[in-house]
S.K.: 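My structure is below; once you've seen it, I'll send some questions.
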Amino acid sequence: MIDLVLEGAGKNALGSAVMRELLRGLAAAQGAPVLLRGAGDVFSAGLNLVEIAGLDDAGMRAYLELLEQLIKALYSYPGPLVVHVHGHAIAGGAILALCCDHRVCAADPRIKFGLNEVALGLRFPRSILQLVRRRIAPQSLDEVVLGGHLYAPADALRVGFVDELGDLDRARERLAVLARHPADIYAATKVELRAGVLVEDEALRRAFIDEALPVWTAPALKQRLLGFLKKTPRT
C-alpha cells in the first residue's frame with residue numbers, strides 16, 4: 001500500500017506544481033493500493049487562487065487542462081484508492097476526494113467540505129460536473145452545487161461527499177479490504193463502472209474552455225477570488 005500525500009502552500013492548495021506531483025505519484029504507484037491524504041491540518045483548501053490570479057489566457061488554459069488531467073487520473077486509477085480527509089476539503093479539494101473509491105472523513109466538527117465554485121463566480125468544467133452528479137446524493141445535488149454551502153462532517157456524509165466518518169486507521173482498514181480483491185478483476189470492473197462519466201466530446205470541451213477563459217482571467221473575478229481567499233476557513 002502506498003501513501004500519496006497532498007502537500008503544498010496555501011493549505012495544500014492545488015497549484016500546478018502540486019497537481020503535477022500528484023500525477024507523478026499516481027503513475028509511480030502503478031495500480032497498487034493507494035491511500036490519499038493531506039499534509040498538515042487540512043486536506044486541501046481548493047484551487048490555488050493566488051496562482052490563478054496571476055495567470056493570463058494561455059496560463060489559465062494550461063492550468064485547467066492540468067486540473068482535468070489530475071481528476072481523470074484519480075477517478076480512473078486502476079487500483080483501490082481510498083482518501084482520508086482530516087481537515088478542510090473545499091472546492092477543488094472536495095473534487096479530489098470525490099474521485100476516490102472510498103472516502104473517510106474524520107468526525108471533527110470543525111472540518112468543512114463544500115463546492116463553492118458558483119459562489120466564486122466560476123463554472124464547473126462539464127466533466128467535473130458529471131463526476132459531482134455521480135457522487136453527490138441526487139436529492140442534495142442542487143443544494144450542494146448551487147448553494148455553495150460548507151458542510152461539517154455529519155452533513156458531508158448526509159449529502160454524499162464522504163462514505164463514512166472515521167480516523168486514519170479506519171481508512172487504512174478500508175483500503176486493506178479493497179486490496180484483497182484480485183487486482184486484475186478490480187481494475188477491469190472499475191473501468192466498466194467509470195465508463196462514460198468523464199468522457200466528453202473534445203470539441204465541446206474546447207468550446208467550454210474558450211468560453212470560460214475570459215471569465216477566469218477577468219480582473220474583477222481575480223479580485224473576487226483574492227477577497228474570498230481571505231475569508232476561507234484555514235484551520
Side-chain angles (χ1 to χ4, degrees), residues 4-28 36-75 83 85-100 111-129 131-132 145 148 150 161 198 200 205-235:
L4 184 58
V5 181
L6 196 170
E7 184 171 10
K11 297 295 184 179
N12 302 333
L14 298 178
S16 298
V18 170
M19 291 191 285
R20 291 191 187 99
E21 188 61 31
L22 288 174
L23 283 166
R24 282 192 289 268
L26 286 171
L36 177 64
R37 57 186 177 86
D41 59 0
V42 302
F43 179 66
S44 173
L47 304 185
N48 190 320
L49 301 184
V50 175
E51 179 178 345
I52 287 174
L55 295 175
D56 58 12
D57 282 5
M60 185 62 73
R61 183 184 297 273
Y63 182 93
L64 291 175
E65 290 179 348
L66 183 60
L67 176 62
E68 285 190 312
Q69 184 182 353
L70 176 60
I71 296 302
K72 289 177 181 178
L74 284 166
Y75 192 60
V83 64
V85 177
H86 70 294
H88 300 319
I90 298 172
I95 294 293
L96 294 194
L98 289 176
C99 290
C100 299
I111 294 172
K112 299 300 180 185
F113 249 100
L115 298 175
N116 56 4
E117 281 81 354
V118 171
L120 286 169
L122 300 173
R123 287 176 57 190
F124 288 86
R126 290 184 178 90
S127 60
I128 292 177
L129 197 56
L131 168 66
V132 173
V145 176
L150 298 181
F161 276 117
L198 297 183
E200 184 178 11
R205 189 188 73 83
R206 291 186 178 277
F208 173 83
I209 291 179
D210 289 341
E211 181 181 339
L213 276 177
V215 177
W216 280 77
T217 56
L221 178 62
K222 291 183 177 184
Q223 288 301 314
R224 188 186 311 140
L225 293 179
L226 292 176
F228 198 89
L229 183 62
K230 297 177 182 178
K231 300 184 291 184
T232 300
R234 312 302 286 173
T235 60

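Only heavy atoms go into these numbers, but all of them, side chains included; no hydrogens, no water, no symmetry mates.
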S.K.: To the nearest 0.5 angstrom, please state how far the CG atom of L55 sits from the CZ atom of R61.
M.R.: 13.0 Å
S.K.: Check whether H88 reaches the backbone of K112 with its side chain - one donor and one acceptor, N or O, closer than 3.5 Å.
M.R.: yes
S.K.: How long is the gap from NZ on K72 to CG on L67, to the nearest 0.5 Å?
M.R.: 10.5 Å
S.K.: For the side chain of H86 and the backbone of G40, is there at least one donor-acceptor N/O pair under 3.5 Å apart?
M.R.: yes
S.K.: First locate atom CG of L122, then atom CD1 of I52, and finally report the distance between them rounded to the nearest 0.5 Å.
M.R.: 7.0 Å
S.K.: Closest heavy-atom contact between A97 and F43?
M.R.: N-CE2, 4.2 Å
S.K.: On a heavy-atom basis, which atom in S44 and which in L6 lie closest, and how many Å separate them?
M.R.: CB-CD1, 4.0 Å
S.K.: Output the distance between atom CE (M19) and atom CG (L74), rounded to the nearest 0.5 Å.
M.R.: 11.5 Å
S.K.: For residues L198 and S127, report the shortest heavy-atom separation together with the two atoms involved.
M.R.: CD2-O, 3.2 Å
S.K.: So do the side chains of I71 and L96 get within less than 4.5 Å of each other, counting heavy atoms only?
M.R.: yes
S.K.: F161 vs V85, test: side chain to side chain contact (heavy atoms under 4.5 Å, CB included). Steps then yes/no.
M.R.: CA-CA 11 Å; F161 276 117; V85 177; over 6 Å; no
S.K.: Which pair of non-hydrogen atoms, one from A13 and one from N48, has the smallest distance, and what is that distance?
M.R.: CB-CA, 3.8 Å
S.K.: Can you establish whether the number of heavy atoms outside E7 located under 6.0 Å from its atom CD is more than 12?
M.R.: no
S.K.: Report the distance from atom SG of C99 to atom CD1 of I128, rounding to the nearest 0.5 Å.
M.R.: 8.0 Å
S.K.: Could you tell me whether the side chain of D41 and the main chain of G87 form a donor-acceptor pair under 3.5 Å?
M.R.: no
S.K.: Identify the heavy atoms of A91 and G46 that sit nearest to each other, and give their distance.
M.R.: CB-CA, 4.5 Å
S.K.: Quick one: CG on L47 to CD1 on I95, what's the gap to the nearest 0.5 Å?
M.R.: 9.0 Å
S.K.: Which atoms form the tightest heavy-atom contact between L36 and C100, and what is the distance?
M.R.: CD2-SG, 3.9 Å
S.K.: Report yes or no: does N12 contribute a side-chain atom to a donor-acceptor pair with the main-chain N or O of V42 at less than 3.5 Å?
M.R.: yes
